[in-house]
2 protein chains.
Amino acid sequence: MKKEKIAPVCEVEIVDEKKVAQAQKKIADTDQVLEMAEIFKLLGEPTRLKIVLSLINSELCVCDLAAAVDSNVSTVSHQLRLLRNARLVKYRKDGKMVFYSIDDKHINDAIEKIKEHTEE
Amino acid sequence: MKKEKIAPVCEVEIVDEKKVAQAQKKIADTDQVLEMAEIFKLLGEPTRLKIVLSLINSELCVCDLAAAVDSNVSTVSHQLRLLRNARLVKYRKDGKMVFYSIDDKHINDAIEKIKEHTEE
DNA sequence: ATAACATTTGCACATATGTGCAAATGTAAT
DNA sequence: ATTACATTTGCACATATGTGCAAATGTTAT
């Protein structure tokens, strides 16, 4: 007589409980994990990464930024908003122009966060 | 008499050509930029980031990985494929089980790449 | 007030993508 | 050969998201 398939897919069972517990410790702080993911995600899009890289040496206005990354002002402005919200870039207004630059503090914080997790 | 609007949006004109050229230099190597973005994107998704963080201390089989990141085997396997393709993780087969671990070489390469761009 | 122009934003659309079910694959044991 | 089980994969679906046009906003100058 055939036995019923009880667990068609490994779903509930754990093979090495210790290792699993150890792994879970690494990702226990959900907020921090999500924050890290958010930063990675922002840098994980070519246009946004180009923007950030372009700003490493000097501040640029939106217009020049669009030229540098070979896109258009609207698209760049949309992406700048996301980078601004995450504090990866900051801005300075001068008349009609707006100059964006890297928010060193937050970028460095982000890098620190990465290192913490990879260097222990 | 009203003048015609010639440039309703700053599109073609460049304000500071020097700075733009300098910025373009930073992103001249398109392949490298895309490769960096690809790595960031992979780490920019909570499930995948959790997987990578879980693997920092020790290798885990797919089943335990699913338990650790509180997901299911199918989803984790899908994401592992992406991480595998990018060489962020490697694997070792043992009977029916497959143990995944961080591909230190490539992770370190990735971190180096980030540092290069941010520390000059 | 009107014009010019840099930037932002609302909207819509096409595309990418994370997810999980169900089936397939692969492996070990009986 | 058959059973059991870990993993992978094909598929479909819901959702997220990058993009650019057109309009709105804000600022300077005439």
Side-chain angles (χ1 to χ4, degrees), chain A residues 1-16 20 34 37-38 40-51 59-67 69-86 89 91-100, chain B residues 1-16 20 34 37-38 40-51 59-67 69-86 89 91-100:
Chain A
M1 181 204 286
K2 291 180 187 175
K3 280 190 194 165
E4 281 295 321
K5 272 199 180 184
I6 295 179
V9 180
C10 173
E11 206 168 345
V12 193
E13 309 191 31
I14 292 178
V15 178
D16 189 327
V20 172
L34 293 181
E38 184 61 29
F40 281 129
K41 175 183 263 177
L42 285 168
L43 298 176
E45 205 281 316
T47 301
R48 282 193 298 264
L49 182 57
K50 285 182 198 166
I51 290 174
E59 63 174 20
L60 274 94
C61 66
V62 180
C63 190
D64 282 357
L65 216 27
V69 306
D70 193 32
S71 182
N72 65 72
V73 176
S74 171
T75 297
V76 168
S77 183
H78 277 301
Q79 303 297 8
L80 281 170
R81 181 166 52 83
L82 300 178
L83 294 171
R84 234 190 297 140
N85 291 344
V89 303
Y91 64 98
R92 170 178 78 81
K93 289 188 180 176
D94 183 8
K96 311 184 251 193
M97 323 263 290
V98 180
F99 290 91
Y100 281 85
Chain B
M1 183 206 285
K2 292 180 187 175
K3 279 191 197 165
E4 281 296 321
K5 272 199 179 182
I6 295 177
V9 180
C10 173
E11 207 169 344
V12 193
E13 309 192 31
I14 292 177
V15 177
D16 190 328
V20 172
L34 293 181
E38 185 61 29
F40 281 129
K41 175 182 262 176
L42 286 169
L43 299 176
E45 205 281 316
T47 302
R48 281 193 300 263
L49 181 57
K50 285 183 197 165
I51 290 174
E59 64 174 18
L60 274 94
C61 67
V62 179
C63 191
D64 282 357
L65 216 28
V69 306
D70 192 32
S71 183
N72 65 73
V73 176
S74 170
T75 297
V76 168
S77 184
H78 277 301
Q79 303 297 9
L80 281 170
R81 181 166 51 83
L82 300 179
L83 294 171
R84 235 189 298 138
N85 291 345
V89 303
Y91 64 98
R92 168 178 80 80
K93 290 188 179 176
D94 183 9
K96 309 185 251 193
M97 324 262 289
V98 180
F99 290 91
Y100 282 84

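All values derive from a computational prediction rather than experimental measurement. Reminder, nothing fancy here: chain letters follow the sequence lines and each chain counts from 1.
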Show me the donor-acceptor pairs within less than 3.5 Å that the side chains of residues 76-85 of chain A make with the rest of the protein, sequence neighbours left out.
from	atom 1	to	atom 2	distance (Å)
A:Q79	OE1	A:R48	NH1	3.0
A:R84	NE	A:Y100	OH	3.2
A:N85	ND2	A:R81	O	3.4

Counting heavy atoms from C-beta on, name the nucleotide in C:dT19, D:dT19, D:dT7 closest to the side chain of B:T47.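 The nucleotide sitting nearest to the side chain is C:dT19.
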
Which nucleotide in the list C:dT19, C:dG18, D:dG20 gets nearest to the side chain of B:L82?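 Of the candidates, C:dG18 comes closest.
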
Rounding to the nearest 10°, end axes of the helix from C:dA1-D:dT30 to C:dT30-D:dA1 built from five pairs each make an angle of 20°

To the nearest Å, give me how far apart CD1 (B:I51) and C1' (C:dT19) are.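 So the CD1-C1' distance, B:I51 to C:dT19, works out to 12 Å.
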
In whole angstroms, how far is the C1' atom of D:dG18 from the CG atom of A:L83?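 Atom-to-atom, A:L83 to D:dG18, this comes out as 13 Å.
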
If the cut-off is 4.0 Å, is A:Q79 near the phosphate of D:dT17, judged by side-chain N/O to OP1 or OP2? no

Tell me whether the OP1 or OP2 atom of D:dT8 has a side-chain N or O from B:Y91 closer than 4.0 Å. no

Anything under 3.5 Å between a protein N or O and an N or O of nucleotides 26-30 of chain D, put it in a table, one pair a line.
none

Which residues share a salt bridge (charged side-chain N to carboxylate O under 4.0 Å, His left out) with A:E38, sequence neighbours left out: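 A:E38 satisfies salt bridge (charged side-chain N to carboxylate O under 4.0 Å, His left out) with no residue once adjacent residues are dropped.
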
Identify, with sequence neighbours excluded, every residue that meets side chain to side chain donor-acceptor pair (under 3.5 Å) alongside B:R92.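 If we apply the side chain to side chain donor-acceptor pair (under 3.5 Å) test to B:R92, skipping adjacent residues, the hits are B:E59.
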
Polar pairs (N or O, both sides) under 3.5 Å between protein and nucleotides 9-15 of chain D?
from	atom 1	to	atom 2	distance (Å)
D:dT9	O4	B:S74	OG	3.0
D:dG10	O6	B:H78	NE2	2.9

